[in-house]
Protein chains: 2
Amino acid sequence: MGKTRSAPTLTDVAREAGVSTATVSRCLNTPERVIESTRQRVLQAVESLGYTPNFAARVMAAKRSFTIGAIIPTMDNAIFARGLQAFQDELRERGYTLLVSSSAYDPEAEREQIRTLVARGADGLLLIGHARDPQIYEYLDRHQVPSLVAWSYVPEARRPSVGFSNACAMRALAESVLAAGHRRIAMISGLTEGNDRALSRVEGVRQALQAAGLGEGALTLIETPYEIDKGAEAFRQLMALEPRPTVVMCGNDVLAAGALREAKGMGIAVPEQVSVTGFDDIELAAIVSPALTTVHVPHREMGRKAARELVAMVEGTSAGQPECISTHVVTRQSLAAPPDPS
Amino acid sequence: MGKTRSAPTLTDVAREAGVSTATVSRCLNTPERVIESTRQRVLQAVESLGYTPNFAARVMAAKRSFTIGAIIPTMDNAIFARGLQAFQDELRERGYTLLVSSSAYDPEAEREQIRTLVARGADGLLLIGHARDPQIYEYLDRHQVPSLVAWSYVPEARRPSVGFSNACAMRALAESVLAAGHRRIAMISGLTEGNDRALSRVEGVRQALQAAGLGEGALTLIETPYEIDKGAEAFRQLMALEPRPTVVMCGNDVLAAGALREAKGMGIAVPEQVSVTGFDDIELAAIVSPALTTVHVPHREMGRKAARELVAMVEGTSAGQPECISTHVVTRQSLAAPPDPS
DNA sequence: ACACCATTTGTAAGCGCTTACATCATTAAT
DNA sequence: ATTAATGATGTAAGCGCTTACAAATGGTGT
């Protein structure tokens with residue numbers, strides 16, 4: 001059974017190896033500053049004791065955690081999964097660990113998560129979107145924690161960001177829709193309050209309509225949370241309208257999946273009777289039938305670039321270069337010409 | 001512009017409020033032990049300085065972090081999302097924070113994540129499935145970190161767990177498949193190495209076949225990673241077989257979605273020509289067409305129960321009661337009788 | 001032989017917090 | 001009035017680590 005051992009500390013390792021704690025610490029952090037023979041002995045002691053450094057103590061003493069925090073609106077669907085995975089991979093290559101938490105699209109929760117992450121010693125923070133109380137940035141400044149905004153690129157925003165123009169992306173999609181011949185357009189948007197991405201997407205559609213000389217009347221808008229069921233519900237409402245819109249543009253692929261499901265349930269053929277579009281091009285978009293015409297966002301690229309930039313900011317080698325990622329429309333079966341007016 | 005302030009500490013708050021650091025600490029942790037008037041003053045100082053306690057220091061001094069770690073195989077798809085969300089919600093209600101990391105189904109990565117989480121002071125750990133090097137449990141014991149296994153319930157396993165019997169669940173589904181008349185059965189399983197859940201699911205199918213008096217020859221098995229594309233690929237392989245299986249049972253809904261996608265691409269009608277089944281009943285299962293016949297796993301319930309149990313273990317009020325969650329088969333359109341042998 | 005420098009290692013002062021224990025002020029019981 | 005008990009607050013010792021600085025060691029050039 002052996003004696004009940006508790007977790008070994010640096011001091012235990014030092015004693016075992018017959019050196020000072022400073023030397024052990026150096027072996028672990030700056031091995032090149034310790035002579036080979038000593039290092040051997042120390043590492044062996046580490047091994048035989050099964051020593052793992054205490055993170056809290058390390059953070060406290062070094063005032064560095066090699067940890068990056070990210071607060072995303074939701075983990076429920078795949079919208080952020082891919083980008084975040086790439087973000088994490090890139091961080092790991094650079095010796096950083098990622099701490100993720102989700103705010104459920106709630107600003108108050110986000111503020112709290114930010115404080116938590118900072119309290120935990122995050123060296124830098126990844127935030128989604130620009131819309132947020134300025135006090136938060138002050139708080140981050142005071143604690144000297146650099147932050148980077150992703151998933152959104154707005155030139156006039158002061159904060160560093162790596163993202164794409166939600167407005168331009170959606171505008172391009174809306175132009176495709178118009179080119180297909182649609183004139184009665186409906187949109188199921190995510191909630192725009194406190195969500196600059198959702199708002200910009202609506203804005204993008206508006207711009208396209210305006211450029212095409214269509215008035216406000218051409219667009220019917222519903223706002224609803226980004227959930228499948230909500231998308232379905234909104235679609236049902238839209239289909240009850242008279243005259244019925246010929247296309248339903250959705251704020252993201254999740255809403256579009258819901259719309260598609262409801263269409264099937266209602267016996268409405270897509271795209272023959274109504275066209276549907278999405279946004280994000282997550283895996284789901286290619287699986288549903290009909291497959292979704294949507295906007296492809298290079299999430300991986302965005303994640304990797306964000307990681308590189310944020311690490312550079314943390315290490316003081318960059319002040320935060322904004323970067324705009326380009327998106328493109330992916331044409332699949334869910335968008336077609338409107339039905340003949342009969 | 002004001003002077004450049006750096007983050008305030010407990011000492012700053014104490015000075016501002018005219019009390020000792022001990023009193024400030026008590027105000028924050030055990031407010032009932034501080035008299036009203038003093039508490040007022042302290043909280044006001046906290047507020048006006050914008051003080052946030054330093055987490056690392058707190059963990060170090062208190063040897064408690066109120067943090068629970070969870071290592072899940074992947075964040076890429078929704079398999080674990082719902083259960084984990086419930087787990088997190090329940091933890092939060094009890095004053096704990098969740099730290100999540102993913103191992104990408106790699107045992108070595110998992111081991112490393114466990115060490116990291118322990119080093120970060122996690123008070124308890126949620127692990128998925130039982131299959132893992134016993135040394136890991138020794139390590140956890142030594143560090144006195146309780147752990148709970150979820151997503152799998154195996155009576156003979158020694159470790160506390162909250163999960164379901166993957167074998168029974170899959171067996172029940174296989175029985176439905178047999179009842180529908182299928183005799184040439186194929187299965188696309190996830191990789192079974194180091195994954196007791198995947199292995200048990202295969203086992204469940206085997207049991208059902210055996211009980212029905214069918215030999216080994218009735219089952220064709222392919223193992224592949226849990227990814228949509230892999231599911232599609234495996235499905236294609238299976239369809240090339242002669243004679244062709246009449247049903248493809250998939251290790252989870254993600255693989256099934258891939259199979260369905262490929263079937264559509266190959267012009268094979270589901271369920272008329274081939275039936276397909278899934279496992280998990282994630283949102284995706286109801287969205288694809290045809291909708292998937294699958295095994296419903298009450299992820300939320302499992303997550304909540306796991307959280308309650310693990311917190312009890314951490315707080316020493318439970319030794320880890322194993323709990324078995326029950327699952328049931330959900331019948332949708334993807335499973336039907338086999339085609340007439342013509 | 002010496003001074004000088006580079007390299008390796010040790011010493012010890014914190015990092016910001018919690019908490020056992022000591023102190024002091026009240027109040028209740030005798 | 002005296003004592004004991006109770007409650008509020010302060011004092012100070014760490015928690016396990018990093019790192020500035022000091023000390024010791026060995027190699028070079030003269």
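The analysis underlying the following values was restricted to heavy atoms, covering all of them including side chains, and did not include hydrogens, waters or symmetry mates.
- Put simply, CD1 on B:I35 is 15 Å from C1' on D:dG10, counting in whole angstrom units.
- With sequence neighbours left out, B:T11 forms a side-chain hydrogen bond (donor to acceptor under 3.5 Å, both in side chains) with no residue at all.
- Each ring pair (Phe, Tyr, Trp, His ring centres under 6.0 Å) pair with one or both residues in residues 52-75 of chain B, not counting sequence neighbours, appears once here: B:F66-B:Y96.
- Taking the ring pair (Phe, Tyr, Trp, His ring centres under 6.0 Å) definition, one finds that A:F80 meets it with A:W151, sequence neighbours left out.
- In this view, B:E36 and B:R39, B:Q40 satisfy the side chain to side chain contact (heavy atoms under 4.5 Å, CB included) rule, not counting sequence neighbours.
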Acceptor/donor pairs from residues 85-94 of chain B side chains to any protein atom, 3.5 angstrom cut, sequence neighbours excluded:
unit_1 : atom_1 : unit_2 : atom_2 : d
B:Q85  : NE2    : B:D89  : OD1    : 3.3
B:E90  : OE1    : B:R304 : NE     : 2.7
B:E90  : OE1    : B:R304 : NH2    : 3.0
B:E90  : OE2    : B:R94  : NH1    : 2.8
B:E90  : OE2    : B:R308 : NH1    : 3.0

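- Scanning for side chain to side chain contact (heavy atoms under 4.5 Å, CB included) contacts around A:T116 gives A:E112, A:R120, with sequence neighbours left out.
- Partners of B:S25 according to the side chain to side chain contact (heavy atoms under 4.5 Å, CB included) rule, which considers only residues two or more places apart in sequence or in another chain, are B:L10, B:N29.
- Proximity of residues 38-46 of chain A to DNA chain C (heavy atom under 4.0 angstrom from any strand atom) is restricted to A:T38.
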Trace of the salt bridge (charged side-chain N to carboxylate O under 4.0 Å, His left out) decision for B:E301 with B:K305: CA-CA 6 Å; B:E301 182 191 351; B:K305 286 194 170 154; 2.8 Å; yes
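- Applying the ring pair (Phe, Tyr, Trp, His ring centres under 6.0 Å) rule to B:Y139 yields the partners B:H143; only residues at least two apart in sequence or on another chain are considered.
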Nucleotide-resolved protein contact map, nucleotides 11-25 of chain D, B/S/- at heavy-atom distance under 4.0 Å: BB-BBBBBB------
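- Among the protein residues, B:V59 comes within range of no part of the nucleic acid, since none of its heavy atoms lies under 4.0 Å from any strand.
- Looking at residues two or more places apart in sequence or on another chain, you find a ring pair (Phe, Tyr, Trp, His ring centres under 6.0 Å) between A:Y226 and A:Y105.
- In the helix from C:dA1-D:dT30 to C:dT30-D:dA1, the terminal helix axes, each the rotation mapping four pairs' C1' atoms onto the next four within five end pairs, subtend 40°, rounded to 10°.
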